[in-house]
Amino acid sequence: MGPHPAVAAIRLAVRRVLHDVLTDLTERPAADRPAAADGTPLVLVACSGGADSMALASALAFEAPKLGIRAGGITVDHGLQPGSELRAAEVVARMTALRLDPVESVAVRVGRDGGPEAAARDARYAALDEAADRLGAVAVLLGHTRDDQAETVLLGLARGSGIRSLSGMPEVSGGPGGAGRTHRYRRPFLQVDRQTARKACMVQSLPVWDDPHNIDPAYTRSRLRHEGLPALEKALGKGVVEALARTAQLSRDDADALDAWAAEAEAAVRDADGRLECARLYALPPAVRRRVLRRAVIAAGSPAGSLFARHIEEVDRLITGWRGQGAINLPGRVEARRQGGRLVIRQG
C-alpha cells in the first residue's frame with residue numbers, strides 16, 4: 001500500500017523541484033555553484049512550524065536522500081510574540097526528529113519600513129539569505145501553497161499595481177534584492193492547496209503550530225484569508241482559488257514577455273550619448289514604454305520596492321502629456337525631468 005494521497009502529493013511536488021535544482025546546478029558554471037562543507041548539495045527548508053512548512057519539511061526529508069541531496073532546515077524567530085524563542089526551539093526539535101541536518105534557529109529584529117508584514121518578510125529573507133550563504137545551500141524551499149498564491153493575486157489587484165503584481169509568486173526566485181541568487185528560492189507547493197498540506201501532516205502525526213498572526217484581523221492577508229476569499233467563494237462558487245492561481249501563471253507569462261520586449265526596446269530609444277529620447281519613447285506601446293521608464297528609474301537609484309505605478313505614471317506624463325511641467329521627484333532622491341526632447345533621470 002502506498003502513502004496517503006496527500007502525502008503522495010507533497011512528495012511528488014518536492015521530488016520535481018529537487019530534480020529541477022540538480023539540473024540547474026549542473027548547468028551553472030562551477031564558480032557559481034554553492035558548495036556545502038562536505039561537497040554534497042544542500043537544500044534547506046524554511047520552516048515556521050505551521051502545517052504548510054512542516055509538510056514541506058517532511059517531504060524534503062523523505063525525498064532528498066534518494067537523490068543524493070543533504071536536507072536541512074531553518075526557522076526564523078521574528079521575536080514578535082512572547083515566548084517566540086521557545087516556539088523556535090520546538091520547531092528545531094521537530095525538524096531534527098525528521099532527520100534534517102543542519103537545523104538552525106535564527107533570531108531577527110523586525111523593523112517598521114513598509115508596514116509590519118513587509119518588515120517581517122524583509123527580515124526573514126535576509127536571515128534565510130545569510131544562512132544559505134554561510135551553509136553553502138543550493139536552494140531554499142518555501143511552503144507557499146496555491147491558497148497563498150490566490151491571496152497574493154488579490155492583494156496585487158487591490159493595489160492596482162499592474163500585471164506583474166497579478167502574476168503572484170514565482171516558482172523560482174531570488175527573493176527581495178536577490179541579485180546573484182536568482183535560483184535560490186523554490187516554491188514546490190504552488191499547485192498544492194493548503195488543505196492537502198494540513199492533511200499530510202495529520203496522517204503523518206506531525207505536530208503543527210498555528211501562528212496567531214494568521215487569524216489576527218489587524219493583518220491584511222489574514223482578513224483576506226478569513227473574510228475576503230470565503231466571501232468570493234460564496235458569491236462566485238468553488239474554484240476561485242484555482243482560478244486566481246491560474247491567472248497568476250498567465251499574467252506571469254505575459255509580464256515576462258513584456259519585460260523582454262522592454263529590455264530590447266530600451267537601447268533603441270536612447271541617443272548616441274545614452275539619453276532617453278522622448279519622441280522614440282512616445283512611439284512605444286504604453287505597456288512597453290512604462291517598463292522602459294521603470295528600468296531607467298531603478299537604474300538611477302530608486303529602490304524597486306518603493307516604486308509604485310503612480311510614480312511611473314507621473315514620469316510617463318512627461319512623455320505623453322508634456323505641458324512644460326517641472327521635475328518629478330521619485331523614491332531614493334531620484335529626479336526625472338524633460339530637457340530638450342530628452343528625458344533626464346538622475347539621483348540628486
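- When all heavy atoms are compared, the tightest approach of G68 to T40 is O-CG2, 3.4 Å.
- Of the charged side-chain nitrogens involved, none lies within less than 4.0 Å of a carboxylate oxygen, so that E277 and R275 do not count as a salt-bridged pair.
- Side-chain atoms of S173 and R187 form a donor-acceptor pair, as typed in the model, at a separation below 3.5 Å.
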(message) What verdict does the salt bridge (charged side-chain N to carboxylate O under 4.0 Å, His left out) test give for R198 and D210, after you've listed the backbone C-alpha separation in whole Å, the side-chain angles of each residue and the deciding distance to 0.1 Å?
(response) CA-CA 11 Å; R198 184 169 289 274; D210 291 315; 2.8 Å; yes
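- In this structure, the side chain of S53 engages the main chain of S48 through a donor-acceptor pair within 3.5 Å.
- Listed by chain and residue number, D52, T145, D147, D148, E151, R225 satisfy the side chain to side chain contact (heavy atoms under 4.5 Å, CB included) test with R194 (two or more places apart in sequence, or in another chain).
- In terms of heavy atoms, T320 sits closest to R289 at CG2-NH2, 3.2 Å.
- When every heavy atom of L98 is checked against every heavy atom of L206, the shortest pair comes out as CD2-CD2, 3.9 Å.
- Although no hydrogens or angles enter the test, the distance criterion places a donor-acceptor pair under 3.5 Å between the side chain of S302 and the main chain of P331.
- The pair D24-R184 does not count as a salt bridge, with every side-chain nitrogen at least 4.0 angstrom from each carboxylate oxygen.
- Counted within 6.0 Å of CZ on R134, heavy atoms from surrounding residues, nucleotides or ligands total more than 12; the atom is thus considered enclosed.
- Side-chain contact of D77 with S105: a donor-acceptor pair under 3.5 Å is absent, judged by distance alone.
- Side-chain N or O atoms of R290 include none that pairs as donor or acceptor with a backbone N or O of E313 at under 3.5 Å.
- The main-chain N or O of L307 is found under 3.5 Å from a side-chain atom of R294 such that the two form a donor-acceptor pair.
- Between R94 and E90 a salt bridge is recorded (basic side-chain N to carboxylate O distance below 4.0 Å).
- The heavy-atom pair separating L135 from L42 by the smallest distance is O-CD2, 3.7 Å.
- Evaluation of the salt bridge (Lys or Arg N to Asp or Glu O under 4.0 Å) test over residues 54-63, restricted to residues two or more places apart or in two chains, returns R15-E63, E63-K66.
- A 6.0 Å sphere centred on CH2 of W209 holds more than 12 heavy atoms belonging to other residues, nucleotides or ligands.
- No donor-acceptor contact under 3.5 angstrom links the side chains of T75 and R87, judged on distance only.
- At distances below 3.5 Å, at least one donor-acceptor pair connects side-chain atoms of R280 with backbone N or O atoms of A268.
- Using a 4.0 Å cut-off between a side-chain N of Lys or Arg and a carboxylate O of Asp or Glu, D20 and R186 do not qualify as a salt bridge.
- Using modelled atom types, one finds a donor on one side chain and an acceptor on the other under 3.5 Å when comparing D129 with Y185.
- In this structure, R295 pairs ionically with E266, as a charged nitrogen and a carboxylate oxygen lie closer than 4.0 Å.
- In this structure, the side chain to side chain donor-acceptor pair (under 3.5 Å) partners of T196, at least two apart in sequence or on a different chain, are D193.
- Counting heavy atoms from C-beta on, the side chains of L18 and L22 never come closer than 4.5 Å.
- R338 contributes no side-chain N or O that, together with a main-chain N or O of W322, makes up a donor-acceptor pair within less than 3.5 Å.
- From L224, atom CG reaches atom CG of L155 across 5.0 Å, with rounding to the nearest 0.5 Å.
- Smallest separation of non-hydrogen atoms from A197 and A55: O-CB, 3.6 Å.
- A donor-acceptor contact shorter than 3.5 Å links the side chain of Q325 to the backbone of G321.
- In this structure, CZ in R11 is found 13.0 Å from CG in L56, a value given to the nearest 0.5 Å.
- Here R164 pairs with D256 in a salt bridge; the nearest charged N to carboxylate O distance falls below 4.0 Å.
- Pairing each heavy atom of R342 with each of C278, the nearest pair is C-SG, 3.7 Å.
- Counted within 6.0 Å of CZ on R223, heavy atoms from surrounding residues, nucleotides or ligands total more than 12; the atom is thus considered enclosed.
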